[in-house]
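The structure appears below as structure tokens.
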Amino acid sequence: MKRVLDASALLTGRQFPGELATVPGVLRELHRHGLTPQLEAILDTQVRVLSPGDEARERVRAASESTGDAHRLSPTDRDLLALALDLGATLVTDDYSIQNLCRTLDLPYEPILTPGIKEAWTWTYRCTGCGRTWPEWHEECPTCGSPLKTARPRVTRGRR
Ligand SMILES: [Zn+2]
């Protein structure tokens, strides 16, 4: 399966199976964020950077005007959609406007935030007196002085 990845998808550093591609605008966005060696390696070896054709661009433009998403989509967003059309690829994105356009264009998409991949467990500490939870351990609750106990781990989202 072919996948077109948006900037958020690539920034997870996650390994996506299949043939991967993205557009030049995403690459520029990633360079603004600063590339980790891991991401650089993924880009060098696994991701093709391609520009979509004019015909696909035109289909995306027309569709975005019909759904009212035109103003919420950046030129890079449009290129991602057009490239996915060109390649017959699945678009990997969490952006609702892009997903909306995918539905209009009959283009398959998948969200990035798959449970168990982007989620991480973090322990928290709950006060036995006032019930406040703290992200770090204290001998006594900084608010009321009661002892803390370890609470259930909470789920934290990875960086977008
Ligand atoms: Zn307390």
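Read the numbers this way: they start at 1 and go in the same order the structure lists the ligands and their atoms. Computation of the quantities below employed the complete heavy-atom set of this structure, encompassing side-chain atoms and omitting hydrogens, waters and symmetry-equivalent molecules.
In this structure, the side chains of Val4 and Leu87 come closer than 4.5 Å at one or more pairs of heavy atoms.
Listed by chain and residue number, Thr128 satisfy the side chain to side chain contact (heavy atoms under 4.5 Å, CB included) test with Pro147 (two or more places apart in sequence, or in another chain). In this structure Asp44 satisfies the salt bridge (Lys or Arg N to Asp or Glu O under 4.0 Å) test with no other residue, sequence neighbours excluded. Residues meeting the side chain to side chain contact (heavy atoms under 4.5 Å, CB included) test with Pro108, sequence neighbours left out: Thr90.
A distance of 6.5 Å separates OG in Ser74 from CD1 in Ile98, rounded to the nearest 0.5 Å.
If you look at the Zn ion (ligand 1), the protein N, O or S atoms less than 2.8 Å from it are Cys127 SG, Cys130 SG, Cys141 SG, Cys144 SG.
A salt bridge links Glu65 with Arg61: at least one charged nitrogen is closer than 4.0 Å to a carboxylate oxygen.
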